[in-house]
Structure formats: structure tokens, C-alpha cells
Amino acid sequence: MCRIAVLVDSSSSLLLSLLLAQLPLFTSAVPAPYRRPNVVHELNRLANQTKNLRQITADLLKEHAFETDPEQHRFKSLPLMNNRASDINSLEMRPTLSQLHADLKSFEHHFAWLSRASRKHHHPALPKLGQMMSLIKSLTSMLEHQMMRVDAQRLSPPSPSMPPAPPSQFDVLQSSQELLLQFRLFCDWAQRVFSVLSTKSKMSGVQ
């Protein structure tokens, strides 16, 4: 009986040792829980994407610069960039994201108009303009995702009113200059806003 008990104990110990040896395999097979990126991380991504867009805009302006300022006010429905630096620290998350989204969608419509005009007149900046429009769409998608997370409302502004089709490549270039100058102002403002909102969220512990 003692010998049988010893054998049983040995078998039990061996089985336990085998199970313990396999335990790391079992635990590693269990997928780690998904952790959603926090608000601060997402706002920083928005700021970086806006910074990239601003750089492309600056490059386009540099490549096709006029010796004098281009004729302004071709676009009557561009967002008004009359923000003041003193206002930035008092901005609230939801209405600010909603307004940035509405402005970005307006610029998206205007650049689509410019892209069509550029194709018609074989504008040399067309490849980089296409890259910029792709980044604008990506930024819009990221911003919409962030708006859903914080329950920010989507505004419904009227469709922008576009000018007549430009008759020549020179007119396309002047239109692009005006649009790019305004969009650079938007990117300057939006990048600062995203950075400030990120800092405020981090200080308040928002996840």
C-alpha cells in the first residue's frame, strides 16, 4: 500500500509539474485586452497631422509664389480666419472640435474645386495638391473619430459657393495662392488649438 501511495503521489507531482510548465503558454495565448488610445494621444495625432498639412501648404506656396500678392476675395465662402491668440486658452473641447470640423470640410470642398480646375489646365502642382487632399481627408476622419469620443456635434453649414471656372492657368495659380494662404492660416490655428486642448485634457486627467 505504501508503494502504491508513493506511486500515486509521484504521478500527481509529475502531472502538476507538467501543468505548471505549460502555464506560460496558456497565459501567453490569451490576448491582451484592447486599450483605446486616450484623448491626449488622439489630440496630439491631430496636431501632428495638421503640422504636416501646414508644411505641404508652405511648400506649394513657395514653389508657385507671386512677386506681388495675388488678387484676393475670389472665394466668398472660405472660413473666416479671424481668431485671436488671446482666445485660445478659453476654448472648450466640444464646440471647438465642431467648428474646426466644419471649417475643414469647407476647405475640402474648395480644394476639390481647385483640383478639377488644375486638371483642366494641367497645373504643375497637381501631384502635391493630390497628396494634400489625401491628408485633409485623413485629418477629417481622425477629427470625426475624436468628435464621436467626446460627443461633439457635427455642424451643418450651407454648401460653399464656388467662383466661376478659371479661364487660364494663370487664374488657376492665383486662385490656388488665395486658397493656400487661407488654409495655412487655418493649419496654424488648428495645430495650436489641438496642442492646447491636449495639454488641458492631460492636466484634467481626461481619458
Side-chain angles (χ1 to χ4, degrees), residues 31-61 75 77-83 87-88 91-119 123 125-162 175-176 178-202 204-207:
Y34 171 72
R35 292 188 178 181
R36 188 173 60 175
N38 61 27
V39 170
V40 174
H41 174 75
E42 293 298 315
L43 288 169
N44 288 336
R45 286 184 63 212
L46 286 165
N48 288 333
Q49 181 83 325
T50 309
K51 181 180 178 181
N52 293 337
L53 271 169
R54 189 202 179 283
Q55 185 59 55
I56 293 177
T57 305
D59 291 344
L60 281 167
L61 285 167
F75 299 99
S77 55
L78 278 174
L80 296 176
M81 294 290 102
N82 54 2
N83 306 292
D87 297 335
I88 199 166
L91 296 176
E92 297 181 2
M93 176 83 75
R94 291 187 182 92
T96 301
L97 293 184
S98 296
Q99 187 59 57
L100 287 175
H101 178 262
D103 291 346
L104 190 58
K105 292 295 290 184
S106 177
F107 276 111
E108 191 175 337
H109 286 300
H110 283 84
F111 277 115
W113 175 91
L114 180 62
S115 179
R116 291 191 296 270
S118 298
R119 282 197 298 271
H123 196 288
L126 191 57
K128 188 162 284 189
L129 182 60
Q131 178 189 359
M132 189 172 73
M133 290 180 64
S134 178
L135 285 175
I136 290 175
K137 288 184 180 296
S138 175
L139 178 62
T140 302
S141 178
M142 291 166 59
L143 181 52
E144 289 172 353
H145 176 73
Q146 184 63 21
M147 290 169 65
M148 288 178 60
R149 290 195 60 186
V150 300
D151 198 24
Q153 181 183 4
R154 283 200 196 187
L155 304 179
S156 300
S159 298
S161 175
M162 299 301 175
S175 296
S176 68
E178 180 182 353
L179 185 50
L180 289 167
L181 284 169
Q182 286 295 105
F183 189 61
R184 184 173 63 181
L185 289 176
F186 170 80
C187 289
D188 283 338
W189 174 251
Q191 183 184 348
R192 294 177 64 188
V193 168
F194 289 137
S195 297
V196 168
L197 290 177
S198 172
T199 301
K200 291 172 70 173
S201 298
K202 187 174 183 179
S204 63
V206 175
Q207 295 297 315

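All values reported here derive from a predicted model rather than from experimental measurement.
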Side chains of [X] and [Y]: closer than 4.5 Å at any heavy-atom pair?
X	Y	answer
L43	L46	yes
L97	F194	yes
L129	M132	yes
T57	L60	no
L91	V193	yes
H41	R45	yes

Exercise for the section: Output, in order, the C-alpha distance, side-chain angles, deciding distance and verdict of salt bridge (Lys or Arg N to Asp or Glu O under 4.0 Å) for D151 and R94. Expected result: CA-CA 7 Å; D151 198 24; R94 291 187 182 92; 5.0 Å; no
Handout entry: Worked check of side-chain contact (heavy atoms from CB on, under 4.5 Å) between L104 and F186
Key = CA-CA 8 Å; L104 190 58; F186 170 80; 3.7 Å; yes
Practice task
Kindly indicate, with the supporting measurements, whether the criterion side-chain contact (heavy atoms from CB on, under 4.5 Å) is fulfilled by D103 and M81.
Solution key: CA-CA 10 Å; D103 291 346; M81 294 290 102; 4.0 Å; yes
Closest heavy-atom contact between [X] and [Y]?
X	Y	value
L135	I56	CD1-CD1, 3.2 Å
W113	M162	CD1-CB, 3.7 Å
S98	L155	O-CD1, 3.8 Å
H110	P160	CE1-CB, 3.5 Å
S106	S77	OG-O, 3.6 Å
A112	M133	CA-CE, 3.7 Å

Problem - Partners meeting salt bridge (Lys or Arg N to Asp or Glu O under 4.0 Å) with R154 (sequence neighbours left out) - result: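 Applying salt bridge (Lys or Arg N to Asp or Glu O under 4.0 Å) to R154 gives E144.
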Practice task
Applying side-chain contact (heavy atoms from CB on, under 4.5 Å), run through K137 and E108 and close with a yes or a no.
Solution key: CA-CA 8 Å; K137 288 184 180 296; E108 191 175 337; 3.0 Å; yes
Handout entry: ring-ring contact (aromatic ring centres under 6.0 Å, His included) against F111, all qualifying residues, sequence neighbours excluded
Key =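 ring-ring contact (aromatic ring centres under 6.0 Å, His included) check on F111 returns F183.
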Problem - Working for side-chain contact (heavy atoms from CB on, under 4.5 Å), residues Q49 and N52 - result: CA-CA 5 Å; Q49 181 83 325; N52 293 337; 4.0 Å; yes
